[in-house]
Amino acid sequence: MKTLYGIQYLRGFAALAVVLFHAAERTGSHFRIGAAGVDVFFVISGFIMWTMSERRPVTPLRFLLDRLQRIAPSYWIVTSIMIAGGLAGLFPNMKLTAGHVLGSLFFIPVRSPSNGEIWPVLVQGWTLNFEMFFYVIFAATLLLPRRLQLASMAAIFLAFVLAGNIFNPQSSLFITYTQPIILEFVAGAVLGRLWLAGRTPGAGLGLALAIAALSGFAAIELIGLDFNEVTCAPLAVALVLGVVSLERSGKLPNIPLLTYLGNSSYSIYLWHTLAISVVIKMVASTQMPYDVATFLGVISGTLLGICAYEAVEKPLRNLLRNLSWQRSRPSPA
């Protein structure tokens, strides 16, 4: 597939927003809107899965295996580091149980024994629970004719959200998968369909959408508007639509640094909290201003993610791709 630079830029900026959110949170500062990077990620995920499945059709099983191969190895490594650190006493507030560890490793929402939240051992892995749910539903719709896939997926996700509102489920599994945030994946798939059909707005409207979305996110942070799916989802959709519209019009140049940040965004997202934790421990006994500590946390978290991308994610991806290729080769006979 042709690289969509705008999507890569958004992935990079969304990852950095989440890093800034966590760094500010840990240093006592405030950057609540950074968490909206997750909303942008979910819309992008729906967009990419829809366009990818159109241009490179696969079976449901192959799709799931490809996704698992892409997502799981790096996540399992970081989660294992967290577990080892917890067992070694490096995270005094972390409590580990077999059920929580297994749920974390296999993308099953389970309440954390540390704080009662529905979080895995690696806290930011909660988004991967949603991703895997989306992949399973998406894979199931691949069994249908293409013309029915999007409507079927939308109906399924909407049914889950409605069921959550009607039945008020108490189990971690159903609380998670009935949240309105899952509709962001569907919105992303709709944008993917518009992109493939060449029905995105022109450059002027695309720029206006992107500016309006960024202004909306800024208003949430500066004015204190409600921070939830109702406010963030439309802004995330408008931002992605605006950027891909600019892409369609040829107004987005290839900026290698931003493209690289997009490529490394998954590793940055997974690994950054480890570096932030180290920075917090180092500055705890100093009188360092919050802003400086936050800045150091962002830089260290981003750099650790980039190093992990080069040293862990890329080699693992190449290794698994080569193994899959070797298994798929016909025998010499």
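Because the structure is predicted, anything quoted here is derived from the model rather than measured. One is the number of the first residue; the rest follow in order along the sequence. Only heavy atoms go into these numbers, but all of them, side chains included; no hydrogens, no water, no symmetry mates.
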I'd like to check [X] versus [Y] (side-chain heavy atoms, cut-off strictly below 4.5 Å). Are they in contact?
{"X": "V278", "Y": "S300", "value": "no"}
{"X": "V312", "Y": "W271", "value": "yes"}
{"X": "L320", "Y": "P73", "value": "yes"}
{"X": "V18", "Y": "H272", "value": "yes"}
{"X": "V161", "Y": "I182", "value": "yes"}
{"X": "I118", "Y": "I175", "value": "yes"}
{"X": "L241", "Y": "P201", "value": "yes"}
{"X": "H22", "Y": "V298", "value": "no"}

Point-to-point distance, once rounded to the nearest 0.5 Å, from [atom1] of [X] to [atom2] of [Y]:
{"X": "E25", "Y": "T273", "atom1": "CD", "atom2": "OG1", "result": "11.0 Å"}
{"X": "Y177", "Y": "N129", "atom1": "OH", "atom2": "CG", "result": "5.0 Å"}
{"X": "T127", "Y": "Q124", "atom1": "OG1", "atom2": "CD", "result": "7.5 Å"}
{"X": "I44", "Y": "I7", "atom1": "CD1", "atom2": "CD1", "result": "5.0 Å"}
{"X": "L194", "Y": "T51", "atom1": "CG", "atom2": "OG1", "result": "12.0 Å"}
{"X": "L296", "Y": "M282", "atom1": "CG", "atom2": "CE", "result": "8.5 Å"}

- Item | From CA spacing to verdict: side chain to side chain contact (heavy atoms under 4.5 Å, CB included), L209, L239 | CA-CA 6 Å; L209 285 169; L239 180 60; over 6 Å; no
So which atom in [X] and which in [Y] form the shortest heavy-atom distance, rounded to 0.1 Å?
{"X": "G125", "Y": "P120", "answer": "C-CG, 3.5 Å"}
{"X": "V110", "Y": "G99", "answer": "CG2-O, 4.2 Å"}
{"X": "A163", "Y": "P169", "answer": "O-CD, 4.4 Å"}
{"X": "L304", "Y": "L274", "answer": "CD2-CB, 4.0 Å"}
{"X": "Q69", "Y": "R321", "answer": "NE2-N, 3.9 Å"}
{"X": "P315", "Y": "A311", "answer": "CG-O, 3.5 Å"}

Side chain [X], main chain [Y], donor-acceptor under 3.5 Å:
{"X": "Y269", "Y": "V19", "result": "no"}
{"X": "R32", "Y": "I220", "result": "yes"}
{"X": "E247", "Y": "G6", "result": "yes"}
{"X": "S249", "Y": "G202", "result": "no"}
{"X": "T286", "Y": "V283", "result": "yes"}
{"X": "T231", "Y": "D226", "result": "yes"}

Would you say [Y] ends up clustered with [X] if hydrophobic residues are merged whenever their side chains have heavy atoms under 4.5 Å apart, either directly or through other cluster members?
{"X": "L196", "Y": "M49", "result": "yes"}
{"X": "L150", "Y": "V58", "result": "yes"}
{"X": "I156", "Y": "L148", "result": "no"}
{"X": "F295", "Y": "L16", "result": "no"}
{"X": "L143", "Y": "L65", "result": "no"}

- Message: Could you go through V279 and I299, starting from their C-alpha distance and side-chain angles, then the distance that decides it, and tell me whether this counts as side chain to side chain contact (heavy atoms under 4.5 Å, CB included)?
- Response: CA-CA 10 Å; V279 169; I299 295 300; over 6 Å; no
With a 3.5 Å cut-off and no angle check, do the side chains of [X] and [Y] form a donor-acceptor pair?
{"X": "Q8", "Y": "T3", "value": "no"}
{"X": "S29", "Y": "T294", "value": "yes"}
{"X": "E221", "Y": "H30", "value": "yes"}
{"X": "T141", "Y": "S152", "value": "no"}

- Query: Less than 4.0 Å between a side-chain N and a carboxylate O, is that true for E131 and R70?
  - Reply: no
- Query: Using 4.0 Å as the upper bound for N to carboxylate O, is an ion pair formed by E54 and R146?
  - Reply: yes
- Message: Check whether W126 forms a cation-pi arrangement with R111 (NZ or CZ under 6.0 Å from the six-membered ring centre, at most 45° off the ring normal).
- Response: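 Ring-cation test returns no.
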How about [X] and [Y]: are their ring centres within less than 6.0 Å of each other?
{"X": "Y266", "Y": "Y309", "value": "no"}
{"X": "F31", "Y": "F21", "value": "no"}
{"X": "F133", "Y": "F160", "value": "yes"}

For [X], does the [atom1] atom have more than 12 heavy-atom neighbours from other residues, nucleotides or ligands under 6.0 Å away?
{"X": "Y260", "atom1": "OH", "answer": "yes"}
{"X": "F174", "atom1": "CZ", "answer": "no"}
{"X": "F13", "atom1": "CZ", "answer": "no"}

- Please step through side chain to side chain contact (heavy atoms under 4.5 Å, CB included) for the pair L68 and M132, ending with a clear verdict. CA-CA 8 Å; L68 190 64; M132 287 300 173; 3.9 Å; yes
- Message: If you apply the rule side chain to side chain contact (heavy atoms under 4.5 Å, CB included), what do you find for L316 with E313, and how did you get there?
- Response: CA-CA 5 Å; L316 269 177; E313 182 183 342; 6.0 Å; no
- Item | Parallel, tilted or perpendicular: rings of F138 and F63 (30°, 60°) |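 Judged by the thresholds at 30° and 60°, the geometry between F63 and F138 is tilted.
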- F185 pairs by ring pair (Phe, Tyr, Trp, His ring centres under 6.0 Å) with which of F42, Y135, W50?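 Result for ring pair (Phe, Tyr, Trp, His ring centres under 6.0 Å) with F185: F42.
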